[in-house]
Amino acid sequence: AVLMLGLVFVQIYVYVSIFNYNMQRLLVGQTGFESTLGLGKFYWISMSNIVATVVSLGLLAPWAAIRRTRYFAESVALSHPEGGLGTLVSQAGAEQSALGDAAADRLEFDIGW
């Protein structure tokens, strides 16, 4: 049991380190991202999610996934020199064209569900 907890800790350490590293270096245009994912809190969330899922025979798996995703969302911040997320979305929307949609119509591709 101690070996398994240690291996899970090492796995989570590597995951958190890589996630924070990638988010610090991710750029979309001039927009950057900052990650404050903490090792201790993420380890606690992961271990308590495992325990809750096992004890409830899998019924709390959706709750555990939402809890983990919420922590990810709370730990990532957006930094843009001219504004926040609204500026990024408005710039991305202005640069789009309808060429792909027209090509799909012309070639009779059915894209969607």
Nearest-0.5 Å distance, CD1 of residue I12 to CE of residue M47: 7.0 Å
Nearest heavy-atom neighbours spanning I45 and R68: CG2-CA, 4.3 Å
Selection residues 51-63 - residue pairs positive for side chain to side chain donor-acceptor pair (under 3.5 Å), sequence neighbours left out: none
Q11, CD: over 12 other non-hydrogen atoms inside 6.0 angstrom: no
Contacts of type side chain to side chain contact (heavy atoms under 4.5 Å, CB included), residue L7, not counting sequence neighbours: L3
4.5 Å side-chain heavy-atom contact, S48 and R67: yes
L60 reachable from V54 in the ILVMFWY side-chain graph, under 4.5 Å edges: no
Gap between atom CZ of F42 and atom OG of S75 - 0.5 Å precision: 9.0 Å
Parallel, tilted or perpendicular, as decided by the 30° and 60° cut-offs, for the rings of Y15 and F72: perpendicular
Spacing of CG belonging to L26 relative to OH belonging to Y21, to within rounding of 0.5 Å: 12.5 Å
Within residues 34-46 or reaching into it, pairs that qualify as side chain to side chain donor-acceptor pair (under 3.5 Å) - sequence neighbours excluded: N20-S35
Side-chain heavy-atom pair L37, Y71 within 4.5 angstrom cut-off: yes
Linked, directly or transitively: V51 and V8 (ILVMFWY side chains, under 4.5 Å): no
